[in-house]
Amino acid sequence: MESQQERVLVQLRDLILKGAFAPGERLAEVALAERLEASRTPVRLALASLDQEGLVEPSPAGGYVMRRITSAEITDAIAVRGHLEGMAARLVAEHGVPRQLSIALNECLRAGDRLLAKTELDLDDYAGYTDMNNRFHKLFVEGSGNAALIRAIDVNNRLPFAAASAMLPMQSALEEGRQWLIIAHQQHHSLVQAMERGEGTRAQSLATEHVQIAQRNLTYALERPEVYRKLAPALQLVSEAIL
């Protein structure tokens, strides 16, 4: 039951973040159980967990409905991620970067360099950069060795568009998207350099500042929801982006 409950939770969260449900839509346990090929109990427990994560909310009529999320909530979550990742980067720098972590981080840097060496990027390139970016952030966060911090970042990242790569698909629709990735990846290089040199304060500052590109992407998306909703269907959950 425990493994089924976790599976249902992951699947249901994934559906929400892919825009499968509209704001205010009732989430019927029976229909969801059939869709996910599960029993009602793990679905009910998953909905309760998603309520705690802020993705759904109780309905006055019983059960749960999809929440409409404000841009302020997402902006706050991105800012919180910046401060939490800043703490992680500082801890890595202060503890010293193990050889294996250094090798993995530098592999990410080289992968990003190869992608951004192209004069034009296609959708596969953006997908490749997203994979690299996810791995990069996961490496130094887990490298902090602070279990409470790792859990806090994981919980915060469950809000739509709060995670490190959540806003990256937006950039494929921007003329300056490649340039923004270049800036972000230059920051990756600076961050690794600071951690490897043991510069904790600088590493923390760099990681905290790094989220500003995600904040800028969110602003662009909310100004042009008719364009960006195709790339990020969950944008329909953001109240300011409703057409």
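- Between atom CD of residue Gln187 and atom CD1 of residue Ile182 there is a gap of 12.5 Å, rounded to the nearest 0.5 Å.
- Under a hydrophobic clustering in which Ile, Leu, Val, Met, Phe, Trp and Tyr are joined whenever their side-chain heavy atoms come within less than 4.5 Å, directly or via other members, Leu168 and Leu17 fall into different clusters.
- In this structure the side chain of Asn106 reaches within 4.5 angstrom of the side chain of Glu196, judged on heavy atoms.
- To the nearest 0.5 angstrom, Leu218 atom CG is 5.0 Å from Thr75 atom OG1.
- Residues meeting the side-chain hydrogen bond (donor to acceptor under 3.5 Å, both in side chains) test with Ser165, sequence neighbours left out: Asn133, Asn134.
- Taking CD from Glu209 and CD from Gln204, the interatomic distance works out to 13.0 Å, rounded to the nearest 0.5 Å.
- Closest approach of Leu47 and Leu12 over heavy atoms only: CD2-CD2, 3.7 Å.
- In this structure a side-chain-to-backbone donor-acceptor pair under 3.5 Å is missing from Asp125 to Leu115.
- In the hydrophobic cluster analysis, where Ile, Leu, Val, Met, Phe, Trp and Tyr join through side-chain heavy atoms closer than 4.5 angstrom, Ile78 is grouped together with Ile183.
- When side chains are defined from C-beta on, His210 counts as touching His137, because their heavy atoms get closer than 4.5 Å.
- Counting non-hydrogen atoms of neighbouring residues, nucleotides and ligands closer than 6.0 angstrom, the CG atom of Leu123 reaches no more than 12 such neighbours.
- Side-chain atoms of Arg44 never come within 3.5 Å of backbone atoms of Glu29 as a donor-acceptor pair (strictly under, hydrogens ignored).
- Between Arg114 and Met132, the closest side-chain pair of non-hydrogen atoms is not below 4.5 Å.
- Heavy atoms only, all atoms of each residue included: Pro160 and Leu237 are closest at CG-CD1, 4.4 Å.
- Proximity of a side-chain donor or acceptor of Arg135 to a complementary backbone N or O of Ala104 within less than 3.5 Å is not detected.
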- Report the C-alpha separation of Val65 and Phe21 in whole Å, then their side-chain angles, then the decisive distance to 0.1 Å, and conclude whether the side-chain contact (heavy atoms from CB on, under 4.5 Å) test is met. CA-CA 9 Å; Val65 297; Phe21 309 105; over 6 Å; no

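- Counting heavy atoms from C-beta outward, Leu191 and Phe140 have side chains that approach closer than 4.5 Å.
- Annotation: the span from Leu206 atom CG to Met195 atom CE amounts to 9.5 Å, rounded to 0.5 Å.
- Minimum heavy-atom separation, Gly19 to Gln236: O-NE2, 2.8 Å.
- Note on ring orientation: taking the six-membered ring where Trp is involved, the planes of His188 and His185 are perpendicular (angle over 60°, cut-offs 30° and 60°).
- Residues Leu50 and Tyr64 fail the side-chain proximity criterion, which asks for heavy atoms closer than 4.5 Å.
- In this structure, the side chain of Thr130 engages the main chain of Tyr126 through a donor-acceptor pair within 3.5 Å.
- Looking only at side-chain heavy atoms (C-beta outward), Ser190 and Arg202 come within less than 4.5 Å of each other.
- Shortest non-hydrogen contact noted between Ala89 and Ala207 is CB-CB, 4.1 Å.
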Side-chain donor/acceptor pairs under 3.5 Å, residues 142-155, sequence neighbours excluded:
from, atom 1, to, atom 2, distance (Å)
Ser144, OG, Val141, O, 2.6
Ser144, OG, Asn146, N, 3.3
Asn146, OD1, Ala148, N, 3.2
Asn146, OD1, Leu149, N, 2.9
Asp154, OD2, Arg158, NH2, 2.5

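- Scanning both residues, Phe161 and Val238, for their nearest heavy atoms gives CE1-CG2, 4.0 Å.
- Considering CD of Glu57 and CD1 of Ile69, their distance stands at 9.5 Å, rounded to 0.5 Å.
- Side chain of Arg81 to main chain of Ala162: a donor-acceptor pair is present (N/O by atom type, distance under 3.5 Å, no hydrogens or angles).
- A distance of 11.0 Å separates CG in Asp14 from CG in Leu9, rounded to the nearest 0.5 Å.
- Residues Ala214 and Met167 approach most closely at O-CG, 3.8 Å, considering heavy atoms.
- Residues Val97 and Val192 have side chains not in contact (no heavy-atom distance under 4.5 Å, counting atoms from C-beta outward).
- With contacts defined as side-chain heavy-atom distances shorter than 4.5 Å, the pair His189/Asp113 qualifies.
- Sorted by first and then second residue, the side-chain hydrogen bond (donor to acceptor under 3.5 Å, both in side chains) pairs involving residues 91-101 (not counting sequence neighbours) are Arg90-Glu94.
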